[in-house]
Amino acid sequence: LAEAVSVGLQQNPRLTAATERVEQARAKYDQQRSAKNFKMKLSNTLDVQPQRDVPTSDLLRGAFPNFPESFIVREPVADQFNISIQKLLTSFGRVDSLLAASFAQVDVSTANLALEEQQVRFEIKKAFFARLQAEALLEARRANLEVTRETLADTEALLERGIVARYDL
C-alpha cells in the first residue's frame, strides 16, 4: 500500500499541476515584493548622422582651378549612456495590498496542494483496497467452484452406486 501511494503521488498529473500553481503563486509574491527594491535602468543611444555633400561656390572654383565642386561632410557620431536608479517611495498602500494578496495566494495554493494530495491518497487507497477485495472475491469464487466440482464428483459416485436418485444429481 505504501509503495502504491508513493508511486501514485509521484505520477499524478493533478498533484503536478497543484505544485506548479504553488510555484506560480510564490513567483508572483516575489515579483510583487521586488516592487519595493531599487531598480537600475541602463540605456544606450547611438546617433549617427548621414553624410551630406556641401557644394562649393563657382567663385572658389574660378580662383582655384582644381578646387572640388563639393565637400563631403560627415557628422560626428553621438553615443550616449544613461544610468538611472529608481526607488519607490510610496504607492499609498497599493504595493502593500498587492503583496498581502500575493502572500495570501501562496497560502491558498499550498492548502489546495495539501488537499489535492489528501484526495489522491484517498483515491489510491480506495483503488488498492478495491483490488484486494476483487482478488479475495476471485479466490472465494475459485474455492466455491472447487467445492462444487468436488460435490458433483461425490454425487456422481453416489449415483453410480445407486445411493442417490438421478434428480439429486
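On a predicted model such as this, the values are computed, not experimentally measured, just so you know. Below, each value reflects all heavy atoms present in this structure, side chains not excepted, and no hydrogens, waters or symmetry copies.
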**Q.** Check against side-chain contact (heavy atoms from CB on, under 4.5 Å), Arg121 and Leu9
**A.** CA-CA 7 Å; Arg121 283 180 189 272; Leu9 290 176; 3.3 Å; yes
Q: Could you give me the CA-CA distance, side-chain angles and deciding distance for Asp96 and Lys36, then say whether side-chain contact (heavy atoms from CB on, under 4.5 Å) is met?
A: CA-CA 9 Å; Asp96 292 328; Lys36 291 185 171 188; 2.6 Å; yes
Q: Start with the C-alpha distance between Phe103 and Leu99, add both sets of side-chain angles, then the distance that settles side-chain contact (heavy atoms from CB on, under 4.5 Å), and finish with yes or no.
A: CA-CA 6 Å; Phe103 188 73; Leu99 192 60; 5.9 Å; no
Q. Given Arg142 and Leu138, is the side-chain contact (heavy atoms from CB on, under 4.5 Å) satisfied, shown in steps?
A. CA-CA 6 Å; Arg142 285 183 178 157; Leu138 179 63; 3.6 Å; yes
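Leu15 and Val106 fall into different hydrophobic clusters, where Ile, Leu, Val, Met, Phe, Trp and Tyr side chains are chained together by heavy-atom contacts under 4.5 Å. Val147 and Leu145 fall into different hydrophobic clusters, where Ile, Leu, Val, Met, Phe, Trp and Tyr residues are linked whenever their side-chain heavy atoms come under 4.5 Å apart, directly or through other members. One hydrophobic cluster holds both Phe38 and Met40 under the rule that ILVMFWY side chains link at heavy-atom gaps under 4.5 Å. Note on Val108: it does not cluster hydrophobically with Leu115, by side-chain heavy-atom contacts below 4.5 Å among ILVMFWY residues. The cluster map of Ile, Leu, Val, Met, Phe, Trp and Tyr, joined by side-chain heavy atoms under 4.5 Å apart, puts Leu132 and Val7 in different clusters.
From Thr16, atom OG1 reaches atom CZ of Arg21 across 10.5 Å, with rounding to the nearest 0.5 Å. The line from CD of Gln105 to CG of Leu98 is 12.5 Å long, rounded to the nearest 0.5 Å. To the nearest 0.5 Å, atom CG of residue Asn144 and atom CD of residue Glu139 are 10.5 Å apart.
Between Phe128 and Ala4 the shortest heavy-atom distance is CD1-CB, 4.3 Å.
Ser34 contributes a side-chain N or O that, together with a main-chain N or O of Gln31, makes up a donor-acceptor pair within less than 3.5 Å.
Heavy-atom neighbours of Lys126 NZ from other residues, nucleotides or ligands within 6.0 Å: at or below the threshold of 12.
Glu135 and Arg131 are joined by a salt bridge, as a carboxylate oxygen and a charged side-chain nitrogen come within less than 4.0 angstrom of each other. Classification of Arg14 and Glu123 as a salt-bridged pair holds, one side-chain N sitting under 4.0 Å from a carboxylate O.
Proximity of Arg33 to Asp30: side-chain heavy atoms (C-beta onward) are separated by under 4.5 Å at one or more points.
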